[in-house]
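Below is a structure I'd like to ask you about.
Side chains are part of it too, since the values below use all heavy atoms of this structure and drop only hydrogens, waters and symmetry mates. Since the structure is predicted, the reported quantities are computational estimates derived from the model, not experimental observations. Chain naming here is simple, since letters A, B, ... match the order of the sequence lines and numbering starts at 1 in each.
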Amino acid sequence: MDLGDLEHQVLALWETEGTFAASMAQSQGRPAWTFYEGPPTANGAPGTHHIEARAFKDIFPRYRTMKGYHVVRQAGWDCHGLPVELAVEKELGFSGKQDIEKYGVGKFNAKCRESVMRHVDAFADLTTRMGYWVDMDSAYWTMDTNYIQSVWWSLKQIFNAGLLVQDHRVSPYCPRCGTGLSDHELAQGYEDVVDPSVYVRFPVTAETLASKYSHLSLLVWTTTPWTLVSNTAIAVKPSATYCVVSHEGQHYVVAQDLVEDLFGAPIGADGEDNITRYQIMETFSGVELERVGYQRPFDLIDIPQSHFVILADYVTTDDGTGLVHQAPAFGADDLISCRAYGLPVVNPIAPDGTFMPDTPLVGGQFFKKADTTLTDDLRTRGLLFREKPYEHSYPHCWRCHTPLIYYAQPSWYIKTTTIKDRLMTENEKTHWYPETIKWGRYGDWLTNNVDWALSRNRYWGTPLPIWRCENEHLTVVESLAELGELAGQKIDDLDPHRPFIDDITIPCPQCEYTANRVPEVIDCWYDSGAMPFASQWYPRHNFDEFLTQYPADFVCEAIDQTRGWFYTLMAIGTLVFDESSYKSVVCLGHILDEDGRKMSKHLGNVLEPISLMDQHGADAVRWFMLASGSPWQSRRVGHTAIADIVRKNLLTYWNTVSFLSLYARSAPWTPAEGAPPLEQRPIMDRWLLTQAHSLSSQVDAALEDFDTQLGGRLITEFIDDLSNWYVRRTRRRFWDGDPAALSTLHEAIHIVTLCMAPYTPFITERVWQDLFRETQPQLPPSVHLASWPEESLVDAQLQEQMALARRVTELGRSARATSSVKTRQPLGRALISARGWSGLPADLVAEVAEELNVGELLTLDVSDSALVSISIKPNFRSLGARFGKQTPLVAAHIAMQDATELVNMLRTAGTVVYEIEWVDETVTIELADLVITETPIQGWAVAADAGESFALDLEITHDLALAGMARDIVRALQEGRKNAGLQISDRVSVTWSSDNAHIAETISTHGVEIAHEVLALALSQVIGPVTGFPVLGSESEIEANFGIEKV
RNA sequence: GGGCCCAUAGCUCAGCUUGGUUAGAGCGCUUCCCUGAUAAGGAAGAGGUCGAUGGUUCAAGUCCAUCUGGGCCCA
């Protein structure tokens, strides 16, 4: 059974039949259920984790389609952005923007376009292979001219609302890529690093203080020594208490809260007396330090009018020294605080991350590298109080892993903070799966919303459609047509990318100057967040269609998209349409390797998705993603887990199907021949169908609630019921070609196949074609064109009765196992005690009797106390509800009673009343307040569980012994038939010889039965050697020889 | 420093919303059974202080608090 091979056949079938297109055509005009495909970035090879999100993005559209909706599934590709540029740079061996400029922006962008096309092919292959039905022919490409014009249109709406502005701000910046990063990009790139952290002395120059203490310094802690070059001020918290500490001949100003951290506890851990090593000389509040002058540590660049203490509320005394070094060019907080004192912003770092060449000591050095040089210099000059490595997470560029620099630069922003309240209202209305994201991770994110840094100083992206003249007049265009009109030239066919768009100038509509496009492109996250309308080329195309598709009923991606796509979708939707673009969002956990580690090329633990699917089957991988563990949680995926799914689910299902088709063919039987009406079919059949119908309604409810895990569990349980109870119990009827059995199994497989189809589209399609389509050509030509099975026929009473029968069967097996009497040996009787047992239909009791190979199953008669022992336990659930605090007293009282007497009283009178000491009221006990276990007191084999018990009479009478022997003989002969290579329907003639009287008696009394079982037309004794294929006593543990001949 | 999630059998995970006295499944292990789906199937057994501590309650794996460890996200 090669599932990979089977799937390739099914893929070929879908391809030739155009099944996906047929499904879309068939549902045309039905109510829409909308889904947006989050575009994968086409910058690398897809991984196994891509199967996860794509499995979820496939199952719900398939399910909704079966439920009668029309689900448009447009694929999309995220084409722009730094990742693509970086891949191309690497290919071309470039090391920065200068190389790109030299190479030519036009040529470079052409390479980017090429790279995108290449990687999209790899994603398309994965998509097809895993059976993700999404329309790739009509895919949206964010680099498409029409797509870009939609993006422009939306930016113009935002600009007109006054929410797209240019501002100077400190924001994270990648010196390697030469661009600022937005906050959601920042979120992608935190890495744990060890930085040098230094405690530096800043000698106080202010006379008032300096004259009181020798060698007085402000003590400052920083993890970014390179910013010390730009030190402009030192901030203290105005409300905190600071002090002067005398230590080893030096004096330091630090926050009082941190004195012990810095100089040690008064009594050290080793008992040493630190108090003698330092002394607090005086204390004062932070306010008193304001404008105290100091000597900065490096005198390398000119920073006029500065170097004194300022006050800032954001300073804490939790770590460091309580004095914070300020470099306004490199910290958002620093910039705000220093601006308040009119301090200058001096930036010695070039856009490529190196110190300006004319800077002494560190000129030309990369900022991070300068840490060592500067620390060494501080040490030499005796300004270093202490240094220690500091491990923390620091933002890095999410693509090139260069440490980011917080850097003051001009940038375009979308003022999302002004619509924060609207966003929070929209979030309220959104259904998150799992729900905690809504208030937790995502809610927090919205609460702490900052303006969206939209612009990038890069090349391969949607150009910002803003033209600016020398008078700073801004003109925003929404289309090439508008731009052409303004420019007075026909540019409808212009590639809107750089550098072509940069060449278009317009006369400023507001003055006499010429306006040029601003140089920036936009954050590619804006592209993907704009997909609800840009994919439709709205508003220039598909005006009506878009409105029916907005907002989406459902989006789904992994959890890292909370601040990525989920945010940009909601933000742009709210900005442009005043409504979030999705109603429900499923948020998946990440996929880890078998040892719980992230998959990464670096660790070499990556599972290659296509070969994984070819090895185990895409169905198995999909099932794992959808139904194994909690989708919201990170999960470990490996070969073992997937192989288990194949064996436990897919092969069991497949074997059951094979079983049915084997006997349907040999009967022969087809659905056209029909079957007896349901009420005339045996109880097993009625039960199986009621189970199947419950399954369809329960899986329906689970998928309605996006709970693929529950649906999967229900299907697994049903397959187990089907194979290991129904087929096991009903096998004989299939040998006889019983149309009721064949038809029942056929119907049950039909239903479960439909329920499984959205999970495992391949194997169910194969079964649909081979088992259903072949005999019922009137059915839809694909399982994926069929409707969800209608629920009917659910018989709860029958389900409960069967559940009881199966529990009793388990008890019976258990009793047999403890008795060491083989199941093959028939036994005479068993006694059963279980609530509801006496009400079971006789045919159900007969099933249990046959399964256990016991002649009679009798109800244990409680009144016969000589035979039965009763034990009782209080039922706390019912007692607790009534007696509360006094429950233990009542329970103890019940436990003291004579069990048999109490049960008999309750069974006759219904209730018993007690007066119990310490219990205020009269206590009335009912049967329901007890858990009763009845067991026979004779030495039978007994098994009991949860108040139900089973007692097996082990006596083997002469007749039972003969019957047992007959079964042994049948088994030996069946084994012989198989060894002789006979077909299951071959008729035979059997000869036997034996000296054993027991054997002879068995054959004379059970011969007809034996012959029937082994399809023997004759069963005759011979003297001497048997004829035909021999079954010898020496091998079969039966003191007889048999010979089998085909007739 | 903040937020969220997780911690249950050797392993992978259910159960917790709605508290009830014998905590389940699959895999693995041991023993046995069955065999006309058969390189399948079934039963039994061993294996758990439900991360720790405290609290609420007649009763806590389940509710609350604190802590520890792990993960993710943010500063």
- Message: Of the options rA37(B), rG20(B), rG36(B), whose atoms approach the side-chain atoms of T887(A) most closely?
- Response: rG20(B)
- Query: Given the P atoms of rG28(B) and rG42(B), what is the spacing between them in whole Å?
  - Reply: 12 Å
- Query: Which whole number of Å gives the distance between the P atom of rU62(B) and that of rA52(B)?
  - Reply: 10 Å
- Task: Write down the distance separating the P atoms in rG3(B) and rU66(B), rounded off to the nearest Å.
- Result: 10 Å
- W669(A) and H746(A): ring pair (Phe, Tyr, Trp, His ring centres under 6.0 Å), yes or no, with the steps? CA-CA 11 Å; W669(A) 174 89; H746(A) 188 88; 5.5 Å; yes
- Task: Measure the distance from CG on L742(A) to C1' on rA37(B) and round it to the nearest whole Å.
- Result: 14 Å
- Measure from CZ on R882(A) to C1' on rA59(B) and round the result to the nearest Å. 16 Å
- Message: I'd like the P distance from rC63(B) over to rA7(B), given in whole Å.
- Response: 11 Å
- Query: When we call it a touch if two heavy atoms are under 4.0 Å apart, what does S723(A) touch: a base, just sugar-phosphate, or nothing?
  - Reply: base
- Rounded to whole angstroms, how far apart are OH on Y726(A) and P on rA37(B)? 15 Å
- Nearest to the side chain of T656(A), which nucleotide is it out of rA37(B), rG42(B), rC73(B)? rA37(B)
- Message: Would you measure the distance from the C1' atom in rC50(B) across to the matching atom in rA9(B) and give it in whole Å?
- Response: 10 Å
- Item | RNA chain B: 5'-proximal contact among H1012(A) and F876(A) (nearest heavy atom) | F876(A)
- Item | Rounded P spacing from rU21(B) to rG54(B) in Å | 24 Å
- Rounded to the Å, how far apart are R877(A) CZ and rU21(B) P? 7 Å
- Query: Among V970(A), L1019(A), I1044(A), which one satisfies side chain to side chain contact (heavy atoms under 4.5 Å, CB included) with V1014(A)?
  - Reply: V970(A)
- Task: Kindly say if R713(A) contacts the phosphate of rA14(B), meaning a side-chain N or O under 4.0 Å from OP1 or OP2.
- Result: no
- Message: For the C1' atoms, the ones on rU18(B) and on rU57(B), what distance do you get once it is rounded to whole angstrom?
- Response: 16 Å
- Query: Using a 3.5 Å cut-off on both pairing distances, which stems of three or more Watson-Crick or G-U pairs include RNA chain B?
  - Reply: B:1-7 with B:68-74, B:10-13 with B:24-27, B:29-33 with B:41-45, B:51-55 with B:63-67
- Query: Quick one: N875(A) CG to rU22(B) P, roughly how many Å, whole number?
  - Reply: 11 Å
- Message: What verdict does the ring pair (Phe, Tyr, Trp, His ring centres under 6.0 Å) test give for F734(A) and F659(A), after you've listed the backbone C-alpha separation in whole Å, the side-chain angles of each residue and the deciding distance to 0.1 Å?
- Response: CA-CA 9 Å; F734(A) 288 90; F659(A) 177 87; 5.1 Å; yes
- Item | side chain to side chain donor-acceptor pair (under 3.5 Å) partners for T716(A), two or more places apart | N649(A)
- Query: Under 4.0 angstrom, heavy atoms only, what part of the nucleic acid is T716(A) near: base, sugar-phosphate, or nothing?
  - Reply: nothing
- Message: Taking the basic N atoms (NZ, or NE/NH1/NH2) and the acidic carboxylate oxygens, is any pair closer than 4.0 Å for D736(A) and R732(A)?
- Response: no
- Where the side chain of E557(A) meets the backbone of Q561(A), is there a donor-acceptor pair that is under 3.5 Å apart? no
- Task: Treat primed atoms plus P, OP1 and OP2 as sugar-phosphate and everything else as base, then score nucleotides 3-9 of chain B 5' to 3': B for base contact with protein heavy atoms under 4.0 Å, S for sugar-phosphate contact only, - for none.
- Result: B-SS---
- Task: For residues H590(A) and H49(A), determine if any side-chain heavy atom of one lies less than 4.5 Å from a side-chain heavy atom of the other.
- Result: no
- What interatomic distance, in whole Å, is found between P of rU8(B) and the corresponding atom of rG48(B)? 14 Å
- Message: Would you call the rings of F566(A) and W432(A) parallel, tilted or perpendicular, taking 30° and 60° as the class edges?
- Response: perpendicular
- Query: Hey, are R882(A) and D929(A) close enough for a salt bridge, meaning a charged N less than 4.0 Å from a carboxylate O?
  - Reply: yes
- Task: Measure the distance from CG on D720(A) to C1' on rA14(B) and round it to the nearest whole Å.
- Result: 16 Å
- Query: Looking at side-chain heavy atoms only, is the closest gap between Y442(A) and M570(A) below 4.5 Å?
  - Reply: yes
- Message: What's the closest nucleotide to the side chain of Y663(A) if the choices are rA37(B), rG36(B), rC73(B)?
- Response: rG36(B)
- Message: Can you measure E850(A) atom CD to rC34(B) atom P for me and round it to whole angstrom units?
- Response: 16 Å
- Rounded distance in Å - CG (L651(A)) to C1' (rG41(B)): 13 Å
- Under 4.0 Å between a Lys/Arg side-chain N and an Asp/Glu carboxylate O for R806(A) and D721(A)? yes
- Which residue lies toward the 5' end of RNA chain B, N655(A) or I559(A), if each is placed at its nearest nucleotide? N655(A)
